[in-house]
Colleague: 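The structure is given below, and queries will be raised subsequently.
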Amino acid sequence: MMNAPKRKVLVIDDDPAILETLELVLSQQDLEVTKADSGMAAVEAAKRGSFDIAITDFKMPGMNGLDTLAALKKIAPLLPVIVITGFATENTASEFKRLGAFGLIRKPFALDDLFAVVNKALQSPRVAT
Amino acid sequence: ALNQVKAGRISLIVSDIMMPEMDGLELVSRLKKDRDFQHIPIILLTAKVSQEELVMGLTVGADDYLPKPFGPAELRARIRAALRLREIQEQLIQASKMAAMGSLIAGLSHELNNPLAAISMNAELLLRARKIDDPKLIKSVETIRIQTERCARLVRALLDFSLQKPVKMELIVPSVLLERVMELVSPLARRKDIEIKMEMSAQKLEGIILRVCIQEIETALINLVSNALGVTSAGGSILIKAEAKKREEREGLEISVIDTGQGISADVLPYIFDPFFTTKPPGEGIGLGLSLTRKTVESHGGFISVESEEGIGTSFRLWLPAEARRNS
């Protein structure tokens, strides 16, 4: 276990306070964190390297969480993407599901809720590509 | 006249044009330029064939005119029409204020979410690090976390308030609706040792069917009942009454929630449906319950009213239109 490679997570949020905190929180969970401050930056990162999981904010200027989710799924169809949102109407929630979001977390959240979804995503069976 | 308007609350002015010193036109133009009084409807009394006076009057801002001679019935009708118009204007102003407040609240809650999420995550991180050994410091970080959660709950309530949620309308008979509400409020009533009496005659409600968003109406009723439970002391009781009632020629259902609490004082009563108005101590309510209740009832085409007497109790009456009433 000690020598197992760290699982890689791509975190996308335009707010540096959230981005840096998520980096702090997730790196303490022994994950390797890559930060992206926009949907565009996330797409670039996903093209360069592979990730085990992505966590994206919903409300962002330019590409929002939905756009980012769709773009990431095009690059890596099996990548579990978790969307963090300040609000979720039933419409947006079903739209996220339709586009293949792994899970939806409502902001603000308890760390345990975040970890529960993250761990579930990391354990989800993924077909080898 | 000007002095009287400035001295007190006047809801309508009927003024002659021909007057010594300051004539009617002068009075109208002065009042309509004053932000404090420009909303008061003014009806000008014009001389018989004075087209010029009439045009002048309306130009300087009069709301209506009445050519002399006129009968009392006509005057009364004009006054009623002007007041009706004024009332609709006020409702429109109120509605646009509410809409502006809604978008302000939605925007503000979104903006608050990020800093709140950052604060709560960092506080939790500190608590989990287990490197703080001073119990006082641990308590201090714990307080940050708990209070952040409190803010988060507030923000969620605000967001729910400002969001237009799509509603699912379903048919339900009154007895089923009330039984569901009873089921949901009974545990709280038992805990507080308060009896909830239900008064509804199956016969009188025969044929009444409601088409409502069940969840919303349930929440509205629970709001009323839990408010009633809140003001009733242990050993007391509250009464829920349901009866078929026509309103403006429409069949409907009236549900009353009657408590024997301390009542609501007359100076507070006009404000209880206003958003963010609360008499509860800080942390126990943010004053959205009754406001949401009214919003729900009105969006269903219904009405809600309240009567209260200090020391005697309060009764809320909620009326909803019925889908259909079959004559059996």
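Labels below follow one simple rule: chain letters A, B, ... track the order of the sequence lines, proteins then strands, and each chain is numbered from 1. Side chains are part of it too, since the values below use all heavy atoms of this structure and drop only hydrogens, waters and symmetry mates.
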Colleague: Which bit of Q28(A) is near chain B, if near means a heavy-atom gap under 4.5 Å: side chain, backbone, both or neither?
Modeller: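 For Q28(A), the contact with chain B is made by the side chain alone.
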Colleague: What's the shortest heavy-atom distance between A118(B) and I18(A), and which atoms?
Modeller: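 Closest approach of A118(B) to I18(A), heavy atoms only: N-CD1, 3.9 Å.
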Colleague: How about F115(A): does its CZ atom have over 12 heavy atoms from other parts shown lying under 6.0 Å from it?
Modeller: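 Yes, CZ of F115(A) has more than 12 neighbouring heavy atoms, counting only those of other groups under 6.0 Å.
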Colleague: For K120(A), I'd like to know if atom NZ has over 12 heavy atoms of other residues, nucleotides or ligands within 6.0 Å.
Modeller: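 No, the 6.0 Å shell around NZ holds no more than 12 heavy atoms from other groups.
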Colleague: Verify the neighbour count for atom CD of E298(B): are there more than 12 heavy atoms of other residues, nucleotides or ligands below 6.0 Å?
Modeller: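 Buried by this count: over 12 neighbours within 6.0 Å.
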Colleague: For side chain to side chain contact (heavy atoms under 4.5 Å, CB included), just list the numbers for N122(B) and V25(A), CA-CA rounded to whole Å, side-chain angles, deciding distance to a tenth of an Å, and then say yes or no.
Modeller: CA-CA 8 Å; N122(B) 281 295; V25(A) 163; over 6 Å; no
Colleague: Mark yes when over 12 heavy atoms from residues, nucleotides or ligands other than Q91(B) sit less than 6.0 Å from its CD; otherwise mark no.
Modeller: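 Correct, the count exceeds 12.
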Colleague: Please find the pair of heavy atoms, one from A110(A) and one from E124(B), that lie closest to each other, and give the distance.
Modeller: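 Nearest pair, atom of A110(A) first, then E124(B): CA-OE1, 3.3 Å.
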Colleague: Does atom CE of M40(A) have more than 12 heavy-atom neighbours from other groups under 6.0 Å away?
Modeller: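 Atom CE in M40(A) is not crowded, with 12 or fewer foreign heavy atoms closer than 6.0 Å.
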Colleague: If you check every heavy atom in residues 30-39 of chain A against those of chain B, which residues fall under 4.5 Å?
Modeller: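 Listed by number: none.
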Colleague: Between CG of L111(A) and CG of L125(B), what distance do you get to the nearest 0.5 Å?
Modeller: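 Separation between the atoms: 6.5 Å.
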Colleague: How far does CG of N113(B) sit from OG1 of T85(A), to the nearest 0.5 angstrom?
Modeller: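 Reported to 0.5 Å precision, the distance equals 8.0 Å.
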Colleague: Applying salt bridge (charged side-chain N to carboxylate O under 4.0 Å, His left out), can you list everything that pairs with D112(A), at least two apart in sequence or on another chain?
Modeller: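 Once residues adjacent in sequence are excluded, the partners of D112(A) under the salt bridge (charged side-chain N to carboxylate O under 4.0 Å, His left out) criterion are R128(B).
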